[in-house]
Amino acid sequence: MKKTLSSFIIVILGTMLAIQANAQQKYVGVLFGGNLANESLDSLPGGVSLSNRIGLLAGIQVERWFNPQWGISSQLMYAQEGRNEDINGAGTGIFYGFTTTGNATVETRNIDVDLLLKKTIWGNNVIRTYAFVGPAMGAFLSGSFHSNITISQKGSAFFGGDTTYSIDSVVKTFDFSIVFGVGISVKLNSGPILFLDAGCWYGLTNIFESYGGATYIRDIRITAGILFPVQLPSLLF
């Protein structure tokens, strides 16, 4: 995993060092935001419901518009992902006849990179709304599962507890998603561009097994940032 993280850092540094004054003008900047992270499970026990957990997003973005209608961009970001579980139902297996209540949280941390095609919906080079779509890949860094569950039976004492353990050994190193969404950008008189994006990350990879079935990423990501005009070689972006 250290090798994977090092590779992403080298890509960032290589991109920044490639800036040259004699090349075509493009944009590079930073982004920050929030992730309404969730997951889709092939197998979900009765009494268990899923909900979003809020994670942080931060990274860099490179962007190029070929004309007022079409452009491309790429983001490389640190992302906090996962899901929340609300548990309220009958126990199974050795806990048959008992009632299980509580909550659980899956927390994962990734480095994600995407490549997006952008199409203007309305506007021009100064202010525009746009749609975007494209592929994305995630590299898993670390993760954990935290649960706080009470198991009880009518007329009996309850038992349970607060537990946290690592899931690093069961999560796949890489995952792939389709990204789509909409955004708005405003170009300032001084040159930089401010933007706000809302997108869906629809996972295609079974990242690990949950309750005996596959688990897929289903994130809603809101990001805002600023892009600065720079000179990048055409072969780079």
Colleague: In residues 114-122, what donor-acceptor pairs under 3.5 Å come from side-chain atoms, sequence neighbours left out?
Modeller:
residue	atom	partner	partner atom	Å
Asp114	OD1	Gln75	N	2.8
Lys118	NZ	Glu63	OE1	2.6
Lys119	NZ	Gln69	OE1	2.8
Thr120	OG1	Pro68	O	2.7
Thr120	OG1	Arg128	NE	3.1

Colleague: Tyr216 versus Asp175: any side-chain heavy-atom pair under 4.5 Å?
Modeller: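 No, side chains not in contact.
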Colleague: To the closest 0.5 Å, what do you measure between CZ (Arg64) and OG (Ser73)?
Modeller: 13.0 Å
Colleague: Of all the heavy-atom pairs spanning Ser74 and Val113, show the shortest one and how long it is.
Modeller: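 Minimum heavy-atom contact is OG-CG2, 4.1 Å.
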Colleague: Contact between Thr129 and Val182 at the side-chain level, heavy atoms closer than 4.5 Å - yes or no?
Modeller: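 Sidechains of Val182 and Thr129: no contact.
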Colleague: Is the side chain of Ser43 donor-acceptor paired with the backbone N or O of Tyr211 at a distance under 3.5 Å, no angle test?
Modeller: yes
Colleague: Do Ile111 and Tyr78 have side chains that get closer than 4.5 Å, going by heavy atoms?
Modeller: yes
Colleague: For Asn84 and Thr105, run side-chain hydrogen bond (donor to acceptor under 3.5 Å, both in side chains): C-alpha distance rounded to whole Å, both residues' side-chain angles, the deciding distance at 0.1 Å, then the answer.
Modeller: CA-CA 4 Å; Asn84 287 330; Thr105 299; 2.9 Å; yes
Colleague: Restricting to non-hydrogen atoms, name the atom on Phe145 and the atom on Ala104 that form the minimum distance, rounded to 0.1 Å.
Modeller: CZ-CB, 3.6 Å
Colleague: For Phe174 versus Ala139, what's the shortest heavy-atom pair and its separation?
Modeller: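 Here Phe174 and Ala139 meet closest at CE2-CB, 3.9 Å.
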Colleague: Using 30° and 60° as the class boundaries, would you call the ring planes of Tyr130 and Trp65 parallel, tilted or perpendicular?
Modeller: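 Rings of Tyr130 and Trp65: perpendicular, over 60°.
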Colleague: Grab the two heavy atoms, one from Thr215 and one from Asn206, that are nearest each other, plus how far apart they are.
Modeller: N-OD1, 3.0 Å
Colleague: Rounded at 0.5 Å granularity, tell me how far CD1 in Ile127 sits from NZ in Lys187.
Modeller: 13.5 Å
Colleague: Are the side chain of Ser177 and the backbone of Ala136 linked by a donor-acceptor contact shorter than 3.5 Å?
Modeller: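 Not a single qualifying donor-acceptor pair exists.
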Colleague: Hey, could you give me the CD/CZ distance between Gln80 and Arg109, rounded to the nearest 0.5 Å?
Modeller: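 One gets 7.0 Å once the value is rounded to the nearest 0.5 Å.
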Colleague: Does the side chain of Phe140 reach to within under 4.5 Å of the side chain of Thr108, using non-hydrogen atoms?
Modeller: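 Yes, at least one pair of side-chain atoms sits under 4.5 Å.
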Colleague: Closest heavy-atom contact between Val170 and Phe208?
Modeller: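 Between these two residues, the closest heavy atoms are O-CB, 3.4 Å.
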Colleague: Could you tell me the separation between the CG atom of Leu196 and the CD1 atom of Ile222, rounded to the nearest 0.5 Å?
Modeller: 7.0 Å
Colleague: Would a 4.5 Å heavy-atom cut-off, applied to side chains only, mark Ile207 and Ile217 as touching?
Modeller: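 Of all side-chain heavy-atom pairs linking Ile217 with Ile207, at least one is under 4.5 Å.
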Colleague: Measuring from Asp42:CG to Ser210:OG, what's the distance to the nearest 0.5 Å?
Modeller: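 Here the interatomic distance stands at 9.5 Å.
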Colleague: Could you give the distance from OH (Tyr27) to CZ (Phe228), rounded to the nearest 0.5 Å?
Modeller: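 Going from OH on Tyr27 over to CZ on Phe228, the span is 11.5 Å.
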Colleague: His146 and Asp162: side-chain hydrogen bond (donor to acceptor under 3.5 Å, both in side chains), yes or no, with the steps?
Modeller: CA-CA 8 Å; His146 174 79; Asp162 195 312; 3.3 Å; yes
Colleague: May I ask whether Trp70 and Ile72 are part of the same hydrophobic cluster, defined by side-chain heavy atoms of I, L, V, M, F, W, Y residues being less than 4.5 angstrom apart, directly or through others?
Modeller: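 Trp70 clusters together with Ile72.
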Colleague: Between Asp112 and Trp201, is any pair of side-chain heavy atoms under 4.5 Å apart?
Modeller: yes
Colleague: Ignoring hydrogens, what is the shortest heavy-atom contact between Phe195 and Ile226? Give both atom names and the distance.
Modeller: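 Nearest heavy atoms, Phe195 then Ile226: CE2-N, 3.7 Å.
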Colleague: Any donor-acceptor pair under 3.5 Å linking the side chain of Ser166 with the backbone of Asp168?
Modeller: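 Judged by distance alone, yes, a pair lies under 3.5 Å.
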Colleague: Atom OH of residue position Tyr202 - does it have more than 12 heavy atoms of other residues, nucleotides or ligands inside 6.0 Å?
Modeller: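 No, the 6.0 Å shell around OH holds no more than 12 heavy atoms from other groups.
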Colleague: Is there a path of hydrophobic side-chain contacts, each under 4.5 Å between heavy atoms, that joins Leu188 and Val30?
Modeller: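 Hydrophobic grouping puts Leu188 with Val30.
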Colleague: Is any side-chain heavy atom of Arg221 closer than 4.5 Å to one of Val179?
Modeller: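 Sidechains of Arg221 and Val179: no contact.
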Colleague: Give the cluster check for Val62 versus Leu194: same hydrophobic cluster or not, with ILVMFWY residues linked at side-chain heavy-atom distances below 4.5 Å.
Modeller: no
Colleague: Side-chain heavy atoms under 4.5 angstrom apart, residues restricted to Ile, Leu, Val, Met, Phe, Trp, Tyr: same cluster for Ile87 and Leu44?
Modeller: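 Looking at the clustering, Leu44 is in the same group as Ile87.
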Colleague: How about Leu227 and Gln61: do any of their side-chain heavy atoms sit closer than 4.5 Å?
Modeller: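 With C-beta onward as the side chain, the pair touches.
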Colleague: Determine all donor-acceptor pairs shorter than 3.5 Å in which one atom belongs to a side chain in residues 51-58; sequence neighbours excluded.
Modeller:
residue	atom	partner	partner atom	Å
Asn52	ND2	Leu36	O	3.0
Arg53	NH1	Glu81	O	2.7

